[in-house]
Amino acid sequence: MTHDRLKQFDAFLIPILAVISGLLVSVVLVLLTKTSPIEAYRILFVAGFGCNDLTHCALFTTLERATPLILTGLSAVVAFRSGMFSIGQEGQYLLGAVVAAWLGYAIQLPPVIHPIFIMTMSMLAGAAYGWVPGVLRVKLGVNELLVTIVLNAIAVLFAEYMVQFPLRSDPGATAHSPIIDLTAQLPTFLPGSKWGVGFILAVLAAYIVYVYLWRSTPGYEQRMAGQSKRFALFGGIPSDQAAIRAMLISGALAGLAGSIEILGVHRRIMQAFSVGLGFDGLSVAILGQTHPLGVVIVAILFAGVRLGAQLGLQLEAQIPRELGGTMIGLIILFVALRKFYEGNIERTRNWLGRFFNRGQSRPE
Amino acid sequence: MALALEMTGITKYFASTDVKANDKVDFAVEAGEVHALVGENGAGKTTLMSILYGLVKPDSGEIKVDGKPVVITRPDDAIRNGIGMVHQHFKLVPSFTVAQSILLGMEPNRAGFLTPNEENRAVAELAERHGLPVDPKARIRDLPVGMQQRVEILKVLERNARILVLDEPTAVLTPQEVAELMRVVRNLSKAGYTVVFITHKLLEVVRVADRVSVMRAGRNAGSKAVAETTVPELARMMVGREVLLKVNKAPRQAGEVVFAADDVSVTDVRGFPAVTRVSFNVRAGEILGIAGVSGNGQTELVEAITGMRALDGGRLVINTKDATTLSVRERRERGLAHIPEDRIHVGLNLDTNLDENLIVSRYRLGQFNRAGFLNRRSMRDFAADVIKRFSVAAAVPGGGISRLSGGNMQKIVIGRELAGEPSFIVANQPTRGLDVGSIEFVHRSLVEARDRGAGILLVSVELEEILALSDRVLVMYRGQIQGEVDPATATEEQIGLLMAGAHPEPASAAGPAA
Ligand SMILES: Nc1ncnc2c1ncn2[C@@H]1O[C@H](COP(=O)(O)OP(=O)(O)OP(=O)(O)O)[C@@H](O)[C@H]1O
Ligand SMILES: [Mg+2]
């Protein structure tokens with residue numbers, strides 16, 4: 001029993017150890033810039049998570065930037081937990097964004113209805129784009145990983161084309177679409193950041209994904225099919241349906257991320273809109289132990305470290321902001337190296353187990 | 001006689017599973033004897049031998065070989081002290097030849113490397129010397145399991161082992177191969193080798209061993225000369241209570257046909273025919289046994305019946321309705337239950353908890369499904385109920401199952417499959433790898449289901465099991481029914497011949513036609 005209780009901490013222990021190791025190794029890089037690491041980390045933290053007053057609050061910007069990461073992270077969680085190694089979040093995200101940018105000015109609807117309608121359409125677009133690799137996998141046995149890579153590339157080019165030509169508002173300046181109607185914009189909470197309704201929706205989505213996967217029967221089917229195909233077949237679980245459903249939901253979540261990014265933050269789509277937010281979702285999902293709660297926490301952490309590196313390290317300490325990306329990279333690397341900890345965790349647990357058992361005077 | 005091996009006070013605690021796998025175990029083996037080591041699943045047999053072979057580090061304890069204390073921390077140390085081990089799961093490379101496998105990792109002779117011809121000659125000579133003929137040039141992947149095991153034994157002998165440890169060597173063998181292995185082991189003992197023989201089958205102990213040690217819950221419950229003990233006594237020592245070795249069952253009360261296979265053909269994963277034009281039926285209240293050496297199409301037949309593999313031709317009928325193209329779910333809804341041969345990868349999902357494992361075939365029922373959401377309270381109640389009715393020691397509702405012993409895992413599978421009173425039960429190798437206590441339980445459960453009126457298709461490579469449980473027996477050979485025998489009158493030899501492909505004598509073939 002002692003063992004089971006200790007084991008529950010592993011889910012937290014691994015990300016925490018990874019973050020600590022990543023930050024420790026980054027110290028070396030900071031030292032190369034001749035800045036005191038303690039000072040650098042203080043600046044990073046203040047610029048990423050600090051809060052002077054309500055309108056100058058880095059934390060709010062961090063939460064704003066965490067929003068698409070949460071949603072694309074959840075998208076990856078739903079796919080991975082269902083046994084689909086889909087990395088199509090980037091493409092689904094872009095499609096959702098293009099749809100939102102277009103419907104944002106192309107149709108007129110009353111407030112509230114307008115963004116709800118647009119987000120629904122973006123989710124449908126993302127779902128449709130997720131359906132393709134799902135069906136190819138189930139019907140033809142094509143590897144979903146390869147298909148989603150190809151679909152991502154297509155989506156990037158498609159979005160670029162849409163921005164350059166059909167949606168372009170001003171032939172002179174750098175390509176971008178018209179600003180969306182006021183009726184379509186998602187409200188923000190405070191001046192000074194775009195932190196708004198989108199974040200609430202993302203957290204809500206995390207809760208819904210959790211309830212769906214772990215409490216509903218369709219979610220049960222998806223998890224069982226994801227963990228053991230043969231067990232699912234044996235028990236009569238329709239794995240194929242579960243896989244396609246997973247891809248539809250995964251696509252819809254990524255599409256929603258794109259939609260919220262347009263409706264709540266940028267208000268239009270521009271050239272080079274794709275900055276790899278979809279791919280970041282993968283890292284967030286993996287670092288967050290493919291659990292919705294982990295995803296929310298890690299997404300906020302990611303966004304904060306990036307912001308702190310950009311505004312704090314770069315502006316205040318003259319350390320290139322790429323250091324933020326490097327730190328995140330190192331943290332991911334240490335998660336990937338989890339085997340490296342497992343031995344130590346096992347040893348710690350053994351030690352704790354022995355310690356507790358001694359107190360219980362086991363019968364000899 | 002002198003002791004070849006003496007282990008004293010061996011203790012090993014696994015913190016990760018919180019078990020004392022070995023608890024102050026004393027274990028001594030005389031030189032030149034065959035010493036059987038028996039015990040329930042999880043009793044600590046493999047752990048004790050892994051400590052001897054340097055694979056597991058004990059917390060305390062001493063080892064003496066030929067009376068001299070030795071320190072063994074790695075398999076190399078064990079080999080240097082003349083100890084060799086054949087693991088239950090062979091560690092051979094499928095694409096290697098027999099000669100390469102046996103000589104792998106050996107010091108090259110003074111000429112440096114051996115040419116393939118020299119290798120083959122050396123291995124042929126070694127095999128000759130020990131009376132264990134093998135073809136040095138054959139590829140491992142082309143060899144039957146019994147031959148692969150022989151390669152493992154030769155490998156150990158080539159390394160000059162004087163003490164051989166065989167961990168459950170018979171679990172994967174056909175009856176013929178078992179008999180052959182017994183002969184080999186006796187010969188080795190005659191030639192002066194010392195053999196430790198781990199097994200779950202007490203009859204094998206009587207047939208091959210000079211002395212036997214029984215392990216129970218990490219302790220040595222006693223060592224005896226085989227001549228001075230009996231199978232029931234060994235069973236009692238293992239389990240700690242009286243064990244029924246014979247299955248008591250009332251005469252058959254066969255009823256309606258619950259399942260019929262009509263001219264069924266199935267291909268295997270590689271696309272080769274595995275079952276060709278097989279027909280039989282199963283009635284309510286009877287156990288139909290299918291005997292046969294493993295790999296003669298039983299797996300594919302069971303998969304086709306249970307909906308896990310498509311048919312190539314023919315028809316299946318479950319409870320008078322055509323089931324040929326039904327999904328697994330639909331077949332289960334019509335009363336099918338399935339105890340699969342691979343409980344770890346097919347029958348259970350070790351990555352999730354007990355409750356979710358138990359509902360896999362019935363999560364859609366109103367009992368567990370409230371408007372699309374799992375009813376966790378009734379899942380938990382169901383788990384508690386199965387644990388109680390099938391006395392699954394060590395399992396808790398909502399708890400993990402990956403560290404349970406094989407016997408307890410099988411109880412979970414059986415508890416799930418027999419709940420809901422299925423009318424047609426397919427049980428494939430239901431007692432593979434289980435200890436006598438668990439086997440007794442599985443057999444009793446199946447007979448109870450039969451007496452309640454279920455039709456049971458029992459597929460097993462254990463002849464004893466087939467004969468003890470079945471009301472009728474079919475023998476499968478190369479994907480076909482080679483013959484039908486009456487278990488009340490048939491002899492093991494008779495069935496063994498059918499299993500080997502001989503044609504039934506016309507007189508004895510007439511079983512009760514269905
Ligand atoms: N590496 C390990 N880590 C943790 N626990 C272990 C380990 N190896 C074995 N155990 C536990 O130690 C106990 C004894 O296991 P062992 O494999 O020695 O049993 P056994 O007698 O060989 O059983 P079986 O007949 O099923 O092969 C079991 O409860 C098992 O779960
Ligand atoms: Mg064992």
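Numbers restart at 1 for each chain; the letters A, B, ... are given by sequence-line order, proteins then strands.
When the candidates A/Arg230, A/Gln227, A/Glu221 are compared by the number of heavy-atom contacts under 4.5 Å with chain B, A/Gln227 comes out ahead. Taking chain B as the reference chain and counting heavy-atom pairs below 4.5 Å, the highest number among A/Ser228, A/Ser216, A/Gly219 is found for A/Ser216.
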Steps toward side-chain contact (heavy atoms from CB on, under 4.5 Å) verdict (A/Phe231, B/Val346): CA-CA 5 Å; A/Phe231 175 71; B/Val346 176; over 6 Å; no
From CA spacing to verdict: side-chain contact (heavy atoms from CB on, under 4.5 Å), B/Arg332, A/Phe234: CA-CA 10 Å; B/Arg332 282 178 172 279; A/Phe234 158 83; 3.3 Å; yes
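For B/Leu350, no part lies under 4.5 angstrom from a heavy atom of chain A. Contact of B/Arg370 with chain A is not made at all, since no heavy-atom distance falls under 4.5 Å. B/Arg376 touches chain A through its side chain: at least one heavy atom from C-beta onward sits under 4.5 Å away, while N, CA, C and O do not. For B/Arg364, the part lying under 4.5 angstrom from a heavy atom of chain A is the side chain only.
Residues passing the side-chain hydrogen bond (donor to acceptor under 3.5 Å, both in side chains) test with B/Glu330, sequence neighbours excluded: B/Ser327. Residues meeting the side-chain hydrogen bond (donor to acceptor under 3.5 Å, both in side chains) test with B/Asn319, sequence neighbours left out: B/Ser423. Under the side-chain hydrogen bond (donor to acceptor under 3.5 Å, both in side chains) criterion, A/Arg223 pairs with B/Glu356, sequence neighbours left out.
Atoms CZ and CH2, on B/Phe373 and A/Trp214 in that order, are 14.5 Å from each other to the nearest 0.5 Å. The CD atom of B/Glu303 sits 8.0 Å away from the CG atom of A/Leu233 when rounded to the nearest 0.5 Å. Taken from OG1 in A/Thr217 to CG in B/Asn375, the straight-line distance is 11.5 Å, to the nearest 0.5 Å.
No more than 12 heavy-atom neighbours from other residues, nucleotides or ligands sit within 6.0 angstrom of CH2 on A/Trp131.
Residue B/Gly372 comes nearest to A/Pro218 through the heavy atom pair O-CD, 3.7 Å, listed as atom of the first residue, atom of the second, then distance.
The interface of residues 205-213 of chain A with chain B, defined by heavy-atom distances below 4.5 Å, comprises A/Val211.
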